[in-house]
Amino acid sequence: MRKKIVAGNWKMNKTWEEAKNLLLNINNYVSAHETCEVIVAPPAPFLDKATDIFQSKAKIAAQNVSEYEDGAYTGEISTGILKSINVEIAIIGHSERRSLFGETNEMIGKKVDRALNEGITPIICCGEVLEERKSGNQQKVVSEQLIAALAKVDTDGAKNIIIAYEPVWAIGTGETASPEQAQEMHKAIRDLLAEKYTQAIADEIRILYGGSVKPSNAEDLFSQPDIDGGLVGGASLNAEDFKAIISAGS
Ligand code: 13P
């Protein structure tokens with residue numbers, strides 16, 4: 001039985017004062033409701049203090065990580081740096097990283113490999129843009145993204161990954177994939193994982209849905225057989241909305 005995950009990706013939002021209040025609020029709630037796993041990915045400068053606030057009730061994730069080990073890469077954050085402040089999860093290959101910062105499938109494969117080698121759980125993002133869905137190519141696009149992201153991931157590594165399917169046309173638009181559209185893709189992703197690894201491993205991997213998840217649609221999405229929770233953007237910035245989504249995953 002896969003335990004659901006509700007993860008909040010704050011993107012480039014919140015000052016420290018605002019972040020602290022939201023983290024404290026979520027931490028209090030999670031202490032009382034621990035049936036799903038809760039992850040928050042705040043902006044990088046808050047990672048260390050956020051980990052202190054959460055202790056280990058909920059987990060903190062980075063929004064990105066470098067493909068390089070260390071050295072002269074101004075502005076980048078390595079897996080080793082994350083580990084040294086007890087951050088053990090990183091979102092990798094978010095569509096905004098792909099479209100706005102030029103991340104390629106190949107780079108994402110390197111980041112995933114580096115994360116797993118360092119004991120960091122990657123939340124590997126995939127998802128098609130609107131034209132790709134309109135032309136019926138969504139499964140081809142997503143499987144190409146995942147094949148590249150998992151190129152160096154062996155069976156052992158696969159036991160420590162999380163996948164997030166985020167159709168780009170549903171991110172920040174208010175437009176959500178229907179539970180049926182999302183389920184169809186999640187099932188296709190699980191089939192791909194079963195083919196590459198084994199059915200038993202595929203059955204253990206959590207596949208999250210992201211793209212305008214809100215309190216009003218979370219329960220319908222999360223009740224689909226292959227949807228194991230959500231990667232939430234906008235609604236994770238508001239304590240009451242995020243808590244309602246956690247409750248839908250519990
Ligand atoms: P929204 O929930 O704001 O659509 O964002 C989804 C997302 O990109 C999470 O990573």
Side-chain angles (χ1 to χ4, degrees), residues 4-14 18-19 22-23 26 36-44 46-47 50 58-65 87 89-103 108 111-112 115 120-130 132-133 138 141-142 145-146 149 161-179 181-182 185-186 189 206-222 224 227-249:
K4 290 219 169 9
I5 296 176
V6 173
N9 174 11
W10 288 4
K11 309 189 179 182
M12 198 173 72
N13 292 292
K14 305 280 179 201
E18 294 163 344
L22 184 50
L23 290 163
I26 295 166
C36 77
E37 265 177 62
V38 177
I39 300 173
V40 172
F46 306 156
L47 287 170
K59 292 185 181 142
I60 291 295
Q63 295 177 14
N64 182 26
V65 72
V87 173
I89 307 172
I91 297 172
I92 294 183
H94 191 278
S95 67
E96 286 146 21
R97 299 296 320 167
R98 293 174 188 262
S99 68
L100 303 173
F101 300 98
E103 289 194 10
I108 291 158
K111 289 181 181 209
V112 169
I120 292 197
T121 298
I123 300 179
I124 303 167
C125 299
C126 56
E128 80 285 359
V129 300
L130 187 59
E132 291 162 343
R133 177 156 285 263
Q138 66 271 22
V141 169
V142 167
Q145 290 172 340
L146 286 177
I161 62 171
I162 298 167
I163 309 265
Y165 168 57
E166 301 202 300
V168 180
W169 48 272
I171 296 179
T173 58
E175 182 113 14
T176 319
S178 68
Q181 282 174 320
M185 182 64 83
H186 282 230
I189 292 172
R206 268 83 60 88
I207 307 175
L208 313 183
Y209 169 79
S212 298
V213 175
K214 8 179 207 260
S216 58
N217 59 25
E219 215 165 293
D220 277 353
L221 287 160
F222 298 173
Q224 298 296 315
I227 300 185
D228 306 312
L231 181 54
V232 187
S236 72
L237 299 173
N238 175 287
E240 296 317 308
D241 286 350
F242 193 56
K243 289 190 289 189
I245 296 170
I246 294 171
S247 157

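In each ligand, atom 1 is the first atom listed, and ligand 1 is the first ligand listed. Quick caveat, the model's predicted, so the values are computed rather than measured.
For the ring-ring contact (aromatic ring centres under 6.0 Å, His included) test, no residue two or more places apart in sequence or in another chain qualifies with Phe242. Partners of Phe46 according to the ring-ring contact (aromatic ring centres under 6.0 Å, His included) rule, which considers only residues two or more places apart in sequence or in another chain, are Trp16.
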For each nitrogen or oxygen atom of ligand 1, which protein N/O atoms lie closer than 3.5 Å, and how far apart are they, rounded to 0.1 Å?
{"from": "ligand 1", "atom 1": "2 (O)", "to": "Ser212", "atom 2": "N", "distance (Å)": "3.4"}
{"from": "ligand 1", "atom 1": "2 (O)", "to": "Gly233", "atom 2": "N", "distance (Å)": "2.9"}
{"from": "ligand 1", "atom 1": "3 (O)", "to": "Gly234", "atom 2": "N", "distance (Å)": "2.8"}
{"from": "ligand 1", "atom 1": "4 (O)", "to": "Gly172", "atom 2": "N", "distance (Å)": "2.6"}
{"from": "ligand 1", "atom 1": "4 (O)", "to": "Ser212", "atom 2": "N", "distance (Å)": "2.7"}
{"from": "ligand 1", "atom 1": "5 (O)", "to": "Lys11", "atom 2": "NZ", "distance (Å)": "3.4"}
{"from": "ligand 1", "atom 1": "8 (O)", "to": "Lys11", "atom 2": "NZ", "distance (Å)": "2.8"}
{"from": "ligand 1", "atom 1": "8 (O)", "to": "His94", "atom 2": "NE2", "distance (Å)": "2.8"}
{"from": "ligand 1", "atom 1": "10 (O)", "to": "Asn9", "atom 2": "ND2", "distance (Å)": "3.0"}
{"from": "ligand 1", "atom 1": "10 (O)", "to": "His94", "atom 2": "NE2", "distance (Å)": "2.9"}
{"from": "ligand 1", "atom 1": "10 (O)", "to": "Glu166", "atom 2": "OE1", "distance (Å)": "3.2"}
{"from": "ligand 1", "atom 1": "10 (O)", "to": "Glu166", "atom 2": "OE2", "distance (Å)": "2.9"}

Hey, can you pull the donor-acceptor pairs under 3.5 Å for the side chains in residues 212-219, sequence neighbours left out?
{"from": "Ser212", "atom 1": "OG", "to": "Ala170", "atom 2": "O", "distance (Å)": "2.8"}
{"from": "Ser212", "atom 1": "OG", "to": "Gly174", "atom 2": "N", "distance (Å)": "2.9"}
{"from": "Lys214", "atom 1": "NZ", "to": "Gly174", "atom 2": "O", "distance (Å)": "3.2"}
{"from": "Asn217", "atom 1": "OD1", "to": "Lys214", "atom 2": "N", "distance (Å)": "2.8"}
{"from": "Asn217", "atom 1": "ND2", "to": "Thr176", "atom 2": "OG1", "distance (Å)": "3.1"}
{"from": "Asn217", "atom 1": "ND2", "to": "Ser212", "atom 2": "O", "distance (Å)": "3.0"}

**Request:** Take Val168 and Ser99, measure what side chain to side chain contact (heavy atoms under 4.5 Å, CB included) needs, and give me the verdict at the end.
**Result:** CA-CA 10 Å; Val168 180; Ser99 68; over 6 Å; no
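Environment of NZ in Lys59: sparse, with no more than 12 heavy atoms of neighbouring residues, nucleotides or ligands closer than 6.0 Å.
Counting heavy atoms from C-beta outward, Arg133 and Gln181 have side chains that approach closer than 4.5 Å.
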